[in-house]
*Asks:* 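Below you will find the structure I want to go over with you.
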Amino acid sequence: MKSHGAVLLKTQQNVRNDWHVEELEISPPKRGEVMVKLKAAGLCHSDNHAAAGDQAVDFAPFLGGHEGAGIVEEVGEGVTELAVGDHVTCTFMPSCGKCVPCVRGIGQLCDRGAGLLQGVMLDGTHRIHTAAGEPVGPMTYLGTFSERIVAPVDSVIKIDKDIPFPAAALAGCAVPTGWGTAVRIAGVEIDDVVVVLGVGGVGMSAVQGAKHAGAREIIVIDPAEFKQREAPKFGATHAVGSIEEAMPLLTDLTHGRMADKVIVTIGVVEGTMIQPMLGLLAKGGTMAIAGVSSMWDIDARFNIFGFVMMQQTIRGGLYGGLQPSVDIPRLLARYQRGELMIDEMITRTYTLDRINEAYADMEAARNIRGVILYDD
């Protein structure tokens, strides 16, 4: 089956490379796999890390994309969970249901995650090749920057057919990551004062999660004036452009006690940011980090004495601590009831051939979330 996909022809540490739209050959699904004709793909910052050269990808061509939604076109041997014609959203973490994390109820940490960036399917082979026959490695077993994908059946989740594909695509990553980081990783509680740093799709979802959990004050910090204006629509009570602006506001709101929870959803988290962000946090408070850093950034500088004396906590969170197969359907049910804003986070849509423009818009903070739409 032919397709077109946006690939990186090479990946290099600390070197930016553009996406190239190439003709691809998609092989039929094997046992435990499905072929999906995608209708929408979200433009997540995680894929941009590979293009920017701060994510280790040991293969090329590399087919990006891990947020997507579409229609099942073909099922492989042994697949009984899905049928041709089913509507699905993608999850970047397939959960086997058998490893130690899965049986402990933390399927977002499934042992299959070890192979997410190896560029092969679960059996170690390829389903995607260039027109010349060269193997192509997909992002997280998916590669949603392609009109068609072949994925493990555990990497797709059946959804109701009345859910729009763009919203379903974002529900595969941005929404659960942000919502869960607020509700599960940070553990926002009723009457908390919360700070959210960086409000793209993940950050705006975190704002909504904090509001749902009962936060009294939700202060957004983002340098983009556009996002500051949009943040109150999603539940923010205040929006400022920097930590320096937030400090007097937070001090006044809390009578000097500072924030109960600080949620970090910045696109690229650097180690030098940790101490200033800890300065926003109250005694006994929790900082939850969902933003991704460069894989080679191992230096995080902060005052350990103050950290200990203030009894603060820093927590990392993958997928917001949510189990995709369980919690994505729950979040989509909230969306269907009008209790979760996803459509409103989609600022612009693009065709696949405009992907470099789309990521330029993301880096210039012109979008909360951009989405690629595929033709029928």
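Count residues from 1 along the sequence.
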*Asks:* Classify the side-chain pair D327/Q108 by whether it contains a donor and acceptor separated by less than 3.5 Å.
*Replies:* no
*Asks:* Heavy atoms, side chains only, cut-off 4.5 Å: are Y335 and P164 in contact?
*Replies:*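 Touching, per the 4.5 Å side-chain cut-off.
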*Asks:* Using every non-hydrogen atom in the two residues, find where G68 and L38 come nearest and quote the distance to one decimal.
*Replies:*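 Closest pair (atom of G68, atom of L38, distance): C-CD2, 4.2 Å.
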*Asks:* Are the side chain of D47 and the backbone of G65 linked by a donor-acceptor contact shorter than 3.5 Å?
*Replies:*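 It does hold such a pair.
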*Asks:* For R148, is there any backbone N or O sitting under 3.5 Å from a side-chain donor or acceptor partner on S3?
*Replies:* yes
*Asks:* I'd like to know whether S146 forms a side chain to side chain contact (heavy atoms under 4.5 Å, CB included) with L24, so could you lay out the CA-CA distance, the side-chain angles of the two residues, the decisive distance to 0.1 Å, and finally the verdict.
*Replies:* CA-CA 8 Å; S146 171; L24 304 174; 4.3 Å; yes
*Asks:* Find the distance between CZ (R348) and CG (L373) and round it off to the nearest 0.5 Å.
*Replies:* 14.0 Å
*Asks:* Does E245 offer a backbone N or O that forms a donor-acceptor pair with the side chain of S242 under 3.5 Å?
*Replies:* yes
*Asks:* Can you find a heavy atom in the side chain of M362 that is under 4.5 Å from one in the side chain of L43?
*Replies:* no
*Asks:* Could you tell me if the side chain of H126 sits less than 4.5 Å from the side chain of V120, heavy atoms only?
*Replies:*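 V120 vs H126: side chains touch.
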*Asks:* Are more than 12 heavy atoms, taken from residues, nucleotides or ligands other than R337, located less than 6.0 Å from that residue's CZ atom?
*Replies:*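 Yes, the 6.0 Å shell around CZ holds more than 12 heavy atoms from other groups.
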*Asks:* In sequence, state the C-alpha distance, the side-chain angles, and the governing distance for V153 and L82, and then conclude on side chain to side chain contact (heavy atoms under 4.5 Å, CB included).
*Replies:* CA-CA 8 Å; V153 67; L82 295 169; 3.9 Å; yes
*Asks:* Locate the shortest heavy-atom distance separating F234 from V207; write the atom from each residue and the value.
*Replies:* O-CG1, 3.4 Å
*Asks:* Using modelled atom types and a 3.5 Å cut-off, is there a donor and acceptor pairing between side-chain atoms of D154 and backbone atoms of C96?
*Replies:*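 Such a contact is absent between D154 side chain and C96 backbone.
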*Asks:* Does either side chain, that of Y350 or that of D361, offer a donor lying less than 3.5 Å from an acceptor on the other one?
*Replies:* yes
*Asks:* Check whether T265 reaches the backbone of V202 with its side chain - one donor and one acceptor, N or O, closer than 3.5 Å.
*Replies:* no
*Asks:* Which heavy atom of A167 sits nearest to which heavy atom of I346, and what is that distance?
*Replies:*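 Of all heavy-atom pairs spanning A167 and I346, the closest is N-CD1, 4.3 Å.
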*Asks:* So, do R369 and I342 sit near enough that their side-chain heavy atoms are less than 4.5 Å apart?
*Replies:* no
*Asks:* May I ask you to decide if V193's main-chain N or O and D260's side chain share a donor-acceptor pair within less than 3.5 Å?
*Replies:* yes
*Asks:* Relative to each other, are the rings of Y359 and W19 parallel, tilted or perpendicular (30° and 60° limits)?
*Replies:* parallel
*Asks:* Can you name the closest pair of heavy atoms from E67 and C173 and give their distance?
*Replies:* OE2-CB, 3.2 Å
*Asks:* Please check if the number of heavy atoms outside E339 that lie under 6.0 Å from its CD is greater than 12.
*Replies:* yes
*Asks:* Are any side-chain N or O atoms of D192 and backbone N or O atoms of V194, one a donor and one an acceptor, separated by less than 3.5 Å?
*Replies:*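 Side chain of D192 to backbone of V194, a donor-acceptor pair under 3.5 Å: no, none is there.
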*Asks:* Under a 4.5 Å side-chain heavy-atom rule over Ile, Leu, Val, Met, Phe, Trp and Tyr, are I355 and V136 clustered together?
*Replies:*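 Yes, same cluster.
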*Asks:* Just say parallel, tilted or perpendicular for the rings of H66 and F92, cut-offs at 30° and 60°.
*Replies:* perpendicular
*Asks:* Walk me through whether E230 and K233 qualify under salt bridge (Lys or Arg N to Asp or Glu O under 4.0 Å).
*Replies:* CA-CA 6 Å; E230 292 292 304; K233 300 178 184 178; 2.9 Å; yes
*Asks:* Is there a donor-acceptor pair under 3.5 Å between the side chain of T91 and the backbone N or O of M93?
*Replies:* yes
*Asks:* Any sub-3.5 Å donor-acceptor pair from Q208's side-chain atoms to M341's backbone N or O?
*Replies:*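 Answer holds: yes.
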*Asks:* Check whether any side-chain heavy atom of I328 lies under 4.5 Å from a side-chain heavy atom of Y319, and answer yes or no.
*Replies:* yes
*Asks:* Taking V199's backbone N and O only, do any of them form a donor-acceptor pair with D222's side chain (distance below 3.5 Å, no angle check)?
*Replies:* yes
*Asks:* Between E23 and K2, does any NZ, NE, NH1 or NH2 come within less than 4.0 Å of an OD or OE carboxylate oxygen?
*Replies:*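 The answer is yes: the pair qualifies as a salt bridge.
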